[in-house]
Every structure is written in C-alpha cells, then in structure tokens.
There are 2 protein chains.
Amino acid sequence: MTAMQKLERVMPIGALAERTGVKVETIRYYEQVGLLPPPERSEGNQRRYGRRHAERLAFIKHARDLGFAVDNIRTLLRLSDTPGIACDEAHAISVAHLQEVRDKIARLRSLETELERIATTCSGGVAACDCAIIEALADHRQCSHAHH
Amino acid sequence: MTAMQKLERVMPIGALAERTGVKVETIRYYEQVGLLPPPERSEGNQRRYGRRHAERLAFIKHARDLGFAVDNIRTLLRLSDTPGIACDEAHAISVAHLQEVRDKIARLRSLETELERIATTCSGGVAACDCAIIEALADHRQCSHAHH
DNA sequence: TCTGAAGCTCCAGGAACTACAGCTTTGGAG
DNA sequence: CTCCAAAGCTGTAGTTCCTGGAGCTTCAGA
C-alpha cells in the first residue's frame, strides 16, 4: 500500500501534453504565468508531472476551451483550492462570461447580415459591377447600420 | 475655380480622428503598416490630411468594423485602386470572411449552451453546492461535447 | 556507449492596436 | 508680440495568449 502510493506514475512534459491536448510550449507558458504550479524536476532539470498536475491542466484547458480569460481561470483555480466559499464568485464569473459570449454572438450576427448583403451584391462575375463590394465598403451609408 | 480647388481643406491628425472615429494612435499605426499613405507634413513636421485620406480611412474603418483582417483590407484597397478587374478577388475575400463569421457564431453558440448549463447548475446560493461550476470545469465528462 | 528524440532557457514575433515618455509645434488669448 | 496649454511628434514597450526558433543538455532504448 505504501509502495502503491509511491508508484503514482510520473511523466515528462511531452506525455502530459499528449494526454491533455495542450502543447508543450503552452504548458511551460502556463507555468510561467502562474496557472500551473512548478513541478518537481529530474536530476537533469527536466519537469516531472504527476496526476494532480494533469488534473489541474485539464481544468485549465476546459476553461480555456469555454473561452474563459486566463485571469478568470486564475480566480477559478484559487476558488477550487478553497472549497466551501467558492460558489458565489464562480457563479459571478460564469454569468459574466456567458453574457460576453451572448454579446459577441449578437454582434457577429449583425455582421453576418451585413456581409451577406455586401457579398451577394456582386456575385463575383465579370467586370460589369466595378465593384459593388468595394463601393459598399467605401460608403457606409449603404449599410443597415447594424454595426457601429 | 482654380482657387476653389486649392481650398480643399486640410486638417491635422486630431480632426481626422474625430471625423472618422479612428483614434490618433491608430491612424499613425495604419500609416506605419502601409494601409494609409503618408500625408504631407506642415513646416513643423505635423501630418496634414485632405479629403482623399479621409475617404480612405473611412473605407478602412468600415472594413475593420466588419471584421476584415488588416491584410485583407490591404488587398481590398489595392483592388479599389485598380478599377475594373477588382470584382472576383473582392468577392472571394468577402465570402471567405462571411464563412469565418458563420463558423465563429456556430462555435460561440455551442459555448453558450455549455455555459448556460454550467452557470445554472449552481445558482450562486449558499455553500451547499461545493461547487457545481468548479466541478463541471474539472470534469469534462459532464459536457455535452459540443466543444472540442 | 551511442544516438536521436525530447527537454531546457531565453527571446522574438504575431494581430491590432494602446499607452507612455519626453520632446516640439500650433494657434488663440491677452 | 508673447505665452502657454493643447495637440502633435518619434520611438518604444505593453496588451493577450500563445507559438516558434536558436542553441544547448538530458534521457532512454539498442
């Protein structure tokens, strides 16, 4: 049993990268900016990661995939380290981020409309148009003013 | 008439900024990266812009507002300088960009779903949850796998 | 023991600005 | 005409989140 616990397999950075889908350089970057704690080193100064590091990195990756900013992830990690009181703040961060995402979607949708209009004005045919797309860009008055 | 043409009013960078809604620093940046041609200078070496510059900058701003990359704008500007053959390439750029925007919307929508789920799991109440949000981030298996 | 892959540090770049420091020019008021 | 604050100038560094390279060292398997 004591031996078992000692057996917690340890891995170099490349293995961690492969396992989590985070690039080697990015892992080192996360360490540098304080998202991932510095791991033990081998005699030859190479990083050696254990299961706790893998879990933490998975958390980070998941949050990044969801679009959380690194700074917010730092906070979420701190919260996850201090169980109990975490909830409120984590909830606030998530809700704020959800709102950001929704705003971004709204903005992109209005761009989509505008681009659709511009891109289809001139179907990319021959010289005739001269060129509706470029004219649309040159003259904002043609817009439906969806974008600022 | 000759006098009239000479009267084309000329303005310093601040006026151009105000008129177009592009910040002073950004205008200088656009010059530096070759989007906006270097204007005449006053005796004291200050930039003096005319109507052509204002128009070109409006074009750039409009395209940026629509999310076109600076590199594509460079191309669009070149096309707008060589009338006639412009259409095909401009159309291609617009269509590609429209596709990018649509992809981005799709990705954000799947994030929105996931975040909604995560953010509402724990309503931010008291300590009871311990904390659903953080657990959701720690454990990807809870996801509906909409995101990679 | 040897060798090639993987690891190390440090630094530059990229996209599109933004901001500062430390100076000079401008243009209107007095 | 003189003053002075506001606006302009150049050059550099910072922002966010990585990514890639140079030039070196270590590791692990044959």
Side-chain angles (χ1 to χ4, degrees), chain A residues 9-36 38-49 53 57 59-77 93 97 100-101 104 107 111 148, chain B residues 9-36 38-50 53 57 59-77 93 96-97 100-101 104 107 111 148:
Chain A
R9 64 255 171 275
V10 94
M11 55 190 157
I13 198 167
L16 181 64
E18 202 172 340
R19 172 187 278 237
T20 56
V22 178
K23 289 192 182 173
V24 168
E25 294 85 359
T26 307
I27 295 174
R28 284 196 283 246
Y29 169 75
Y30 285 158
E31 180 182 331
Q32 196 189 308
V33 300
L35 280 191
L36 204 58
E40 308 277 304
R41 299 286 186 128
S42 73
E43 292 220 339
N45 198 36
Q46 300 193 356
R47 291 171 181 82
R48 293 295 175 241
Y49 296 96
H53 280 101
L57 184 55
F59 183 107
I60 295 168
K61 167 145 173 62
H62 193 185
R64 285 295 300 140
D65 283 350
L66 286 169
F68 283 94
V70 163
D71 224 45
N72 285 331
I73 296 177
R74 223 188 303 275
T75 304
L76 290 170
L77 281 168
I93 289 174
H97 182 51
E100 274 170 33
V101 169
K104 216 173 269 179
R107 254 178 290 125
L111 286 197
H148 53 286
Chain B
R9 65 254 170 276
V10 94
M11 55 191 157
I13 198 167
L16 181 63
E18 202 171 340
R19 171 188 276 237
T20 56
V22 178
K23 289 191 182 170
V24 169
E25 293 85 357
T26 308
I27 295 175
R28 285 196 282 247
Y29 169 75
Y30 286 158
E31 181 182 330
Q32 196 188 308
V33 299
L35 279 191
L36 203 58
E40 308 279 302
R41 299 286 186 128
S42 74
E43 293 220 337
N45 199 35
Q46 300 194 356
R47 291 170 180 82
R48 294 295 176 242
Y49 296 96
H53 281 100
L57 184 54
F59 183 107
I60 294 168
K61 167 146 175 59
H62 193 186
R64 286 295 299 138
D65 284 349
L66 288 169
F68 284 95
V70 164
D71 224 46
N72 284 332
I73 296 178
R74 223 187 303 277
T75 303
L76 289 169
L77 281 168
I93 290 173
H97 182 50
E100 273 170 33
V101 169
K104 217 174 268 180
R107 255 178 289 126
L111 287 197
H148 54 283

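Per chain, numbering begins at 1; letters A, B, ... match sequence-line order.
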Side chain to side chain contact (heavy atoms under 4.5 Å, CB included) between A/V10 and A/Y49: does it pass, once the steps are laid out? CA-CA 5 Å; A/V10 94; A/Y49 296 96; over 6 Å; no
Gap between atoms CD and C1', on A/Q32 and D/dC18 respectively (whole Å): 11 Å
Flag yes if more than 12 heavy atoms outside B/E40 fall under 6.0 Å of its CD atom; otherwise flag no. no
Hey, does B/Y30 reach any base, or is it just sugar-phosphate, or nothing, if we go heavy atoms under 4.0 Å? sugar-phosphate
Could you tell me the separation between the CZ atom of B/R48 and the C1' atom of D/dG8, rounded to a whole number of Å? 8 Å
I'd like to know if the side chain of A/R64 reaches the main chain of A/F68, judged simply by a donor and an acceptor atom lying under 3.5 Å from each other, with no hydrogens or angles considered. yes
Whole Å only: how far is the CG atom of A/L36 from the P atom of D/dC17? 16 Å
Taking for each residue the nucleotide of DNA chain D bearing the nearest heavy atom, is the 5' side occupied by A/K23 or by B/R47? B/R47
Would you mind reading off the distance between A/K61 atom NZ and D/dC17 atom P, rounded to a whole angstrom? 15 Å
A/Y29 meets the ring-ring contact (aromatic ring centres under 6.0 Å, His included) criterion, sequence neighbours left out, with none
Answer yes when A/E31 and A/R47 have at least one side-chain N-carboxylate O distance shorter than 4.0 Å, and no when they do not. yes
Heavy-atom distance under 4.5 Å between the side chains of B/R48 and B/P39, does that happen here? no
For the pair A/H97 (side chain) and A/L66 (backbone), establish whether a donor and an acceptor sit closer than 3.5 Å, ignoring hydrogens and angles. yes
Going 5' to 3' along DNA chain C, which are the first and last nucleotides with any atom under 4.0 Å from a heavy atom of chain B? C/dA16 to C/dT26
Check whether B/T26 reaches the backbone of B/V22 with its side chain - one donor and one acceptor, N or O, closer than 3.5 Å. no
Using atom types as modelled and distance alone, determine if a side-chain donor or acceptor of A/R28 lies under 3.5 Å from a backbone N or O of A/Q32. no
Which parts of residues 13-22 of chain A get close to DNA chain C, meaning a heavy atom less than 4.0 angstrom away? A/I13, A/G14
Looking at D/dG8, I'd like to know if its phosphate oxygens (OP1 or OP2) sit under 4.0 Å from a side-chain N or O belonging to B/S42. no
A/E43 or B/Y49, whichever maps to the more 5' nucleotide of DNA chain D: B/Y49
Protein-nucleotide distance (B/N45, atom CG; D/dG11, atom C1'), rounded to Å: 14 Å
Over how many whole Å does the gap from B/E31 atom CD to D/dC9 atom P extend? 9 Å
Against the side chain of A/Y29, the closest entry in D/dG8, D/dC27, D/dC18 is D/dC18
Expressed in angstrom and rounded to an integer, what is the separation of A/Q46 atom CD from D/dT25 atom P? 13 Å
